[in-house]
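As structure tokens, the structure follows; a few thoughts come after it.
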Amino acid sequence: MSQPILKIRHPRPAHLSDPYCDFTPEELRTLLNTPDERLAWNDLASLLGNLAAGTYDETVYFLPLALDFLRSDKEGVRDLIDPVVCFLSRHAELLRSEGLLAPAIVKLHECFESWTHQFEFFQVEHSKRSYVVHGGDVYAVIEQLVRWMTHESLTVEWARELSDHGNVPAKAAWFLHLASEQKQGAGVYGFRDFAALRDILTDERRLRSAGGVVIETRMVSDQPEFWENVFLWLGL
């Protein structure tokens, strides 16, 4: 089945109107003069975020660039998640009228899938604690979708995809990890704010099924303290 194409009809803007009066003329000129391939996360955030440098018509051109950025390993991916979700939420009806909303959501889902494709750890220098690779990205997209509310149902769909793990260890591990974060009240807005998502992440049958898959792998023996904490919070 072919995926919908994110084809923007609007050209690259020659002018940014700064509707919130939040930028200097020099900052606006810099944004306009920076080539697409050199736009950093903060540039794209300025173009798509809460106090965007332009109107929808002026800035929608940059949406595919921002979604591609989220799939990259460039610095600032996590910081760009909120501006992207903000744009998709605030301009949902305009995007839908131009046939852009569905393919943009597909692109965002592809980001989520790439982040949760594996379940791996990294350590910060001078710290013995293990952190989940892309953990912050996954938390951020869920929290921002819940925060902006327009597309919060996506979080339920995506959490259910992980819980219906099909004996894939990475999916089962991500489901348990997110459920543990929900139990601990992770994030500024937290996963607790959306009842439908909370119901998925607290479903005992789903949790025990995922727990059984993780225990059968080497994940627990490789990171015993991490998983002991997860199972303790979830009562498994």
Side-chain angles (χ1 to χ4, degrees), residues 70-71 73 77-79 81-82 85 105-106 108-236:
L70 293 183
R71 286 291 303 273
D73 57 0
V77 166
R78 190 175 310 171
D79 298 296
I81 290 171
D82 178 28
V85 174
I105 293 299
V106 167
L108 188 62
H109 182 228
E110 288 174 353
C111 295
F112 182 83
E113 288 183 315
S114 71
W115 296 333
T116 57
H117 178 67
Q118 294 179 307
F119 194 83
E120 298 177 329
F121 296 88
F122 70 95
Q123 284 190 314
V124 178
E125 189 176 3
H126 306 306
S127 173
K128 294 183 179 180
R129 180 180 176 183
S130 295
Y131 297 87
V132 179
V133 175
H134 291 302
D137 304 325
V138 173
Y139 313 150
V141 74
I142 289 177
E143 287 169 3
Q144 296 308 322
L145 286 167
V146 170
R147 173 195 177 192
W148 288 98
M149 296 187 291
T150 308
H151 307 296
E152 61 185 1
S153 63
L154 294 175
T155 65
V156 177
E157 296 175 22
W158 297 355
R160 188 176 288 117
E161 287 176 7
L162 297 176
S163 72
D164 297 339
H165 48 74
N167 292 322
V168 176
K171 286 189 174 183
W174 270 108
F175 179 67
L176 292 175
H177 183 40
L178 290 179
S180 173
E181 292 296 307
Q182 182 273 330
K183 190 80 170 181
Q184 298 176 60
V188 177
Y189 300 94
F191 305 163
R192 299 182 182 184
D193 294 347
F194 187 29
L197 175 60
R198 183 180 64 243
D199 290 345
I200 294 289
L201 295 176
T202 57
D203 186 298
E204 185 174 350
R205 179 188 63 81
R206 294 175 185 271
L207 292 171
R208 292 194 178 281
S209 174
V213 172
V214 168
I215 289 172
E216 290 175 1
T217 70
R218 291 185 55 188
M219 288 184 176
V220 174
S221 59
D222 287 345
Q223 294 287 339
E225 292 184 11
F226 174 88
W227 286 110
E228 181 181 1
N229 185 57
V230 168
F231 290 145
L232 181 63
W233 273 103
L234 298 177
L236 297 177

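Quick caveat: nothing in here was measured; it's all calculated off a predicted structure.
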Looking at [atom1] of [X] and [atom2] of [Y], how far apart are the two atoms once the value is rounded to the nearest 0.5 Å?
| X | Y | atom1 | atom2 | result |
| --- | --- | --- | --- | --- |
| W233 | Q182 | CH2 | CD | 10.5 Å |
| K171 | L162 | NZ | CG | 7.0 Å |
| E161 | I200 | CD | CD1 | 11.0 Å |
| E204 | L234 | CD | CG | 10.5 Å |
| R147 | D82 | CZ | CG | 5.0 Å |
| Q223 | R218 | CD | CZ | 11.5 Å |

**OP:** Measure the acute angle between the ring planes of F119 and W174, then classify it against the limits of 30° and 60° as parallel, tilted or perpendicular.
**Re:**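 If you compare the ring of F119 with that of W174, the planes turn out perpendicular.
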
Original post:
Under the side chain to side chain contact (heavy atoms under 4.5 Å, CB included) criterion, do L108 and L70 qualify, and how do the steps go?
Top reply: CA-CA 8 Å; L108 188 62; L70 293 183; 4.1 Å; yes

Original post:
In this structure, are over 12 heavy atoms from other groups packed under 6.0 Å from Q123 atom CD?
Top reply: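 Correct, the count exceeds 12.
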
Subject >> E113 CD: over 12 foreign heavy atoms closer than 6.0 Å >> reply: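 More than 12 heavy atoms, drawn from other residues, nucleotides or ligands, come within 6.0 Å of this atom.
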
Exercise: identify the closest heavy-atom pair between [X] and [Y]:
| X | Y | answer |
| --- | --- | --- |
| V220 | W227 | CA-CD1, 3.7 Å |
| W115 | H134 | CD1-ND1, 3.4 Å |
| T155 | I142 | CG2-O, 3.8 Å |
| L145 | H151 | CD2-CB, 3.9 Å |
| V77 | D137 | CG1-OD1, 4.1 Å |
| M219 | A173 | SD-CB, 3.7 Å |

**OP:** Quick one: do D164 and R160 satisfy salt bridge (charged side-chain N to carboxylate O under 4.0 Å, His left out)? Show the steps, please.
**Re:** CA-CA 6 Å; D164 297 339; R160 188 176 288 117; 5.2 Å; no

Side-chain contact test, heavy atoms from C-beta onward, threshold under 4.5 Å: evaluate it for [X] versus [Y] and give yes or no.
| X | Y | result |
| --- | --- | --- |
| F226 | H177 | yes |
| F121 | D222 | no |
| D203 | F175 | no |

Subject >> Candidate list V214, L176, I215, test side-chain contact (heavy atoms from CB on, under 4.5 Å), partner L236, passing option >> reply: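 The passing option is L176.
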
Subject >> Option among V132, V138, L178 that satisfies the side-chain contact (heavy atoms from CB on, under 4.5 Å) test with T116 >> reply: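 The residue from V132, V138, L178 that satisfies side-chain contact (heavy atoms from CB on, under 4.5 Å) with T116 turns out to be V138.
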
